[in-house]
**Q** 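A single structure is presented below for examination.
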Amino acid sequence: MPRNALYAVIVLVLAVVAAVVSFAEGNWLGVVWILMAGVASNIAWYHLRKQRAEQRARAAAAEQG
């Protein structure tokens, strides 16, 4: 797993926990944490897909010679 994806997953988990705590306390600031979790999720998926594409490109280049 790429380092940036790992960091994004950590931020995602922390943002979800913060949102749950915020909503449990009756604070609507949890909406901001949910938005941050969405951004972190997108960043993690981006870096994972980028790594997979690079691996496929390397494999294809190795097959061609």
**Q** Count I, L, V, M, F, W, Y as connected when their side-chain heavy atoms are under 4.5 Å apart, and connections chain through other members. Are Leu12 and Tyr7 then in the same cluster?
**A** no
**Q** Is there side-chain contact between Gln51 and His47, with at least one heavy-atom pair below 4.5 Å?
**A** no
**Q** Determine all donor-acceptor pairs shorter than 3.5 Å in which one atom belongs to a side chain in residues 21-44; sequence neighbours excluded.
**A**
residue	atom	partner	partner atom	Å
Ser22	OG	Asn27	O	3.2
Ser22	OG	Gly30	N	3.1
Asn27	OD1	Leu29	N	3.1

**Q** Considering non-hydrogen atoms only, spot the tightest contact between Met1 and Leu48 and give its length.
**A** CG-CD2, 4.1 Å
